[in-house]
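One-based numbering along the sequence shown.
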Amino acid sequence: LRQPTRLRGKYRITGNSLLVESSFKSSRLYGFFCELKRRKVYRVAAGYSVVGWLIIQFATTVLPALTLPAWTARLVIVLVLAGFPIALILAWALDVGAGKIRLTPAPAAGEECPPALPGRKRNIFALALAGLLISALIGYFVLNRTPRPRKLGKSIAVLPFANFSSDTANAYFADGIQDDVLTNLAKISDLKVISRTSVMPYRDQTHNIREIGKALNVATVLEGSVRKDGKRVRINVQLIDATTDRHLWAQVYDRELTDVFAIQSELAQEIASALKATLSPSEQAQIERKPTQNGDAYLLYLEAHEIFGRPDRHHDDVLRVEALYEKAIQLDPAFALAYARLSQVQSWMFYAMEPLPARAQKARDAAGEALRLQPDLPESHLAMGYVNYYVDRDYDAALNELAMARAGLPNDAGVFRAMAAIQRRQGKWDESSASYAKAVSLDPRDPILLENMGMNYLAVRDYATAARIFDRAVKAAPETFTIRELRTRVDFYSKGDLRPMQALLAGWPENIDPNGTITLARHNLKMYERKFEELIGILERSPAEKSRGETSAPISKAFLKATVYAAMKDETKARANYEEAREKAEKAVQESPDDAPRHALLGLIYAGLGRCEEAVAEGKRAVELLPESKDAFDGPILVMSRARISMMCGDADTALALLDRSLQTPAGMTVHELRLDPVWDPLRSDARFQQMLAKFGGK
């Protein structure tokens with residue numbers, strides 16, 4: 001049969017083959033699919049799928065790292081999937097083109113499709129049903145792979161113990177007992193224990209246990225009180241289910257002061273049993289070990305530990321802590337925990353206040369003695385880790401010590417905080433942020449921890465995330481200036497907006513500035529505003545003779561004034577203040593010859609005095625001592641100082657090259673700083689400078 005023959009209008013036969021050809025092109029279903037193409041529904045579906053996939057990837061990878069509740073990622077996914085059928089319906093009904101939105105017009109001549117499904121509602125219903133089925137299918141696979149909100153399980157917050165002692169001076173004793181109980185519990189890896197800083201805001205408050213459990217994301221809460229009369233101690237505790245407000249367990253301990261360690265050990269084991277947490281033999285041994293046999297030494301230790309844990313401690317407070325630990329050690333030379341804590345204080349002072357060789361040696365000796373006395377004490381390894389980090393900048397050795405400390409202190413936020421700080425100096429920004437997120441999960445209301453986490457995102461120029469984290473930090477410590485000032489930097493660095501910084505400083509009194517940080521912030525703002533005369537008056541009235549910026553170099557008031565006079569082109573006054581600043585800076589370098597920021601500051605002063613050969617040498621020395629490869633967090637600051645020295649000494653080529661690199665480096669220069677800061681005025685007439693601003697979005 002060579003001629004085609006119709007069979008009921010549906011099939012034809014050609015040659016020796018039976019070819020089945022559907023009259024699909026004349027069917028209503030074909031008309032429906034043809035309309036989908038004409039109305040650009042396929043194009044909208046493809047575009048929505050790509051954007052939706054990117055949003056889902058963000059939700060499942062970034063949101064958990066930002067310590068948002070676990071359900072937020074799932075909510076984002078559900079919203080994206082729910083929006084898919086809505087997008088299809090809108091694409092069918094509306095036509096977007098040439099900047100206008102209108103109802104989809106009828107087909108033009110030549111592009112007519114066969115009739116679709118009868119009735120407009122049937123077409124839309126079919127489209128919505130198809131979208132829902134596709135979303136449901138994708139949701140089945142995606143949501144099953146997304147972590148569900150973690151069950152609270154074996155988690156606890158130990159609230160500050162009430163002080164019922166007749167002597168109010170014993171308040172630190174109640175805090176110390178609470179902290180030691182918390183520390184013992186934190187050694188149990190089968191528990192999640194919220195750190196001390198996040199529970200301290202609940203001191204002296206009427207407790208709503210359910211709200212506390214929700215805020216700290218824990219299943220149970222421990223309340224307690226302490227009464228100390230002479231050598232007698234009475235401790236009353238109760239364990240409460242944070243979801244039902246039901247009392248799970250309660251106990252009263254009435255013992256001699258010498259038995260307080262036995263109470264703490266017994267208490268930790270009772271709580272672990274109530275929460276069905278398993279203790280390993282090593283954890284059991286750590287909990288049962290007495291830190292000292294001397295009650296008086298223990299009281300001194302508690303007082304020192306409480307003071308050092310305050311978020312608003314100043315230089316004098318830290319000196320007092322040092323003295324208290326030293327007295328405790330004199331009373332008990334075998335007090336390894338006191339040696340470990342003393343070493344941490346010395347390391348911190350070396351890093352933040354006094355980078356002196358004598359301070360470094362004290363930190364090293366105390367940590368070494370703690371390890372000699374108790375080599376398996378986690379706090380001893382933590383102390384040595386801080387020596388390796390703050391003093392020696394031996395990051396690999398520090399991380400090794402921290403790994404050993406972490407094994408014995410699995411719930412210590414401080415261990416993860418130290419790891420995060422080291423990782424960012426290694427340039428491992430993602431790992432650092434993950435470690436900070438872990439620390440925040442254990443200490444969600446520690447403002448200093450949140451501040452450091454926010455600084456990570458500020459450094460990598462993720463301003464939206466930085467703003468959200470700094471907002472949490474401000475909420476946790478609304479009276480802390482440094483955190484609020486960092487929040488204003490987000491708006492300045494990202495948009496060049498000075499208004500938040502102006503509002504903050506306008507409401508802050510000028511006569512309160514213990515560390516000089518407020519004076520430095522005022523200096524920066526007025527320089528950006530170019531209100532030089534006003535700034536000189538502020539500096540004259542400031543009680544701070546020196547300020548501490550982002551590094552360990554002490555910035556004298558004379559240096560700040562010299563910078564202002566230089567911007568005003570008053571060479572005589574600028575030189576006089578540079579000379580005054582030089583004497584202090586040279587002395588600082590002599591005291592700590594290996595401190596890179598001090599060399600950078602001295603180089604800037606020499607450049608201001610026209611001693612360019614010495615200035616360039618100091619700038620290079622600073623970068624050699626602390627290159628970006630060794631410190632990705634502070635190293636870029638020294639590169640900026642070297643660029644400024646080069647500019648002041650007439651080497652525009654080097655200055656521009658360093659600035660261009662800095663604008664692309666985490667923790668480096670931001671385009672709005674470069675745009676507004678008058679110290680860079682000598683470069684503004686250079687076409688390359690203007691091109692660089694335009695390249696990075698400045699004007």
Side-chain angles (χ1 to χ4, degrees), residues 291-292 294 296-310 313-375 377-395 397-402 404-405 409 412 414-415 417-418 421-422 425 515 546 548 551-554 587-598 625-626 631 634:
T292 178
N294 189 304
D296 292 332
Y298 178 65
L299 292 177
L300 292 168
Y301 166 85
L302 290 182
E303 187 176 359
H305 193 52
E306 189 275 329
I307 296 171
F308 195 65
R310 296 173 185 171
R313 64 177 184 262
H314 298 305
H315 183 264
D316 290 345
D317 296 321
V318 181
L319 291 177
R320 183 181 170 202
V321 169
E322 177 188 20
L324 287 168
Y325 280 136
E326 288 176 343
K327 287 181 181 178
I329 290 169
Q330 288 173 5
L331 292 175
D332 181 5
F335 198 168
L337 185 58
Y339 274 110
R341 298 297 190 195
L342 175 61
S343 175
Q344 285 183 240
V345 172
Q346 301 287 7
S347 293
W348 168 251
M349 292 186 74
F350 176 86
Y351 167 73
M353 299 176 182
E354 300 174 1
L356 308 176
R359 186 69 67 186
Q361 193 58 48
K362 287 182 179 180
R364 193 175 289 108
D365 290 345
E369 186 63 13
L371 282 170
R372 186 190 69 80
L373 290 167
Q374 288 188 21
L377 184 69
E379 289 85 353
S380 298
H381 291 285
L382 180 60
M384 187 56 75
Y386 276 115
V387 172
N388 295 143
Y389 167 35
Y390 282 146
V391 178
D392 300 329
R393 291 188 180 271
D394 186 342
Y395 301 140
L399 289 173
N400 287 336
E401 293 290 343
L402 291 174
M404 288 185 276
L409 298 169
D412 192 323
V415 176
R417 180 200 308 232
I422 292 170
R425 293 187 187 278
N515 294 323
K546 61 181 179 180
R548 180 174 177 263
T551 68
S552 55
K587 182 179 179 181
V589 168
Q590 290 170 2
E591 291 175 344
S592 186
D594 293 330
D595 186 55
R598 297 188 179 207
L625 284 169
L626 198 64
D631 190 335
D634 282 349

Open item on the list: Checking side chain to side chain contact (heavy atoms under 4.5 Å, CB included) between E369 and each of L371, L373, D365, which is the one that passes?
Closed with: L373

Give the minimum heavy-atom separation between [X] and [Y], together with the two atoms involved.
| X | Y | value |
| --- | --- | --- |
| A405 | V415 | CB-CG2, 4.5 Å |
| G414 | Y386 | O-OH, 3.7 Å |
| L409 | P378 | CG-CB, 3.5 Å |
| Y395 | I422 | CB-CG2, 3.7 Å |
| M384 | R364 | CE-O, 4.4 Å |

Quick one, [X] and [Y] - any side-chain contact, counting heavy atoms below 4.5 Å?
| X | Y | result |
| --- | --- | --- |
| P554 | R598 | yes |
| D595 | V589 | no |
| Q374 | E379 | no |
| Y298 | L331 | no |
| W348 | Y390 | yes |

Open item on the list: Using side chain to side chain contact (heavy atoms under 4.5 Å, CB included), reason through R425 and R393 one step at a time and then give a plain yes or no.
Closed with: CA-CA 10 Å; R425 293 187 187 278; R393 291 188 180 271; 4.2 Å; yes

N/O donor to acceptor pairs below 3.5 angstrom from side-chain atoms of residues 319-329, sequence neighbours left out:
unit_1 : atom_1 : unit_2 : atom_2 : d
R320   : NH2    : E303   : OE2    : 2.8
E322   : OE2    : Q346   : NE2    : 2.9
E322   : OE2    : R359   : NH1    : 2.9

For the atom pair [atom1] ([X]) and [atom2] ([Y]), what is the distance rounded to the nearest 0.5 Å?
| X | Y | atom1 | atom2 | result |
| --- | --- | --- | --- | --- |
| L626 | D594 | CG | CG | 11.0 Å |
| F308 | D317 | CZ | CG | 10.5 Å |
| L302 | I307 | CG | CD1 | 11.0 Å |

- [ ] Please answer whether the main-chain N or O of P375 pairs with a side-chain N or O of S380 as donor and acceptor at a distance below 3.5 Å.
- [x]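 Judged by distance alone, no pair lies under 3.5 Å.
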
What donor-acceptor contacts under 3.5 angstrom involve side-chain atoms of residues 335-344, with partners at least two apart or in another chain?
unit_1 : atom_1 : unit_2 : atom_2 : d
R341   : NE     : Y301   : OH     : 3.3
R341   : NH1    : Q344   : OE1    : 3.4
S343   : OG     : A363   : O      : 2.7

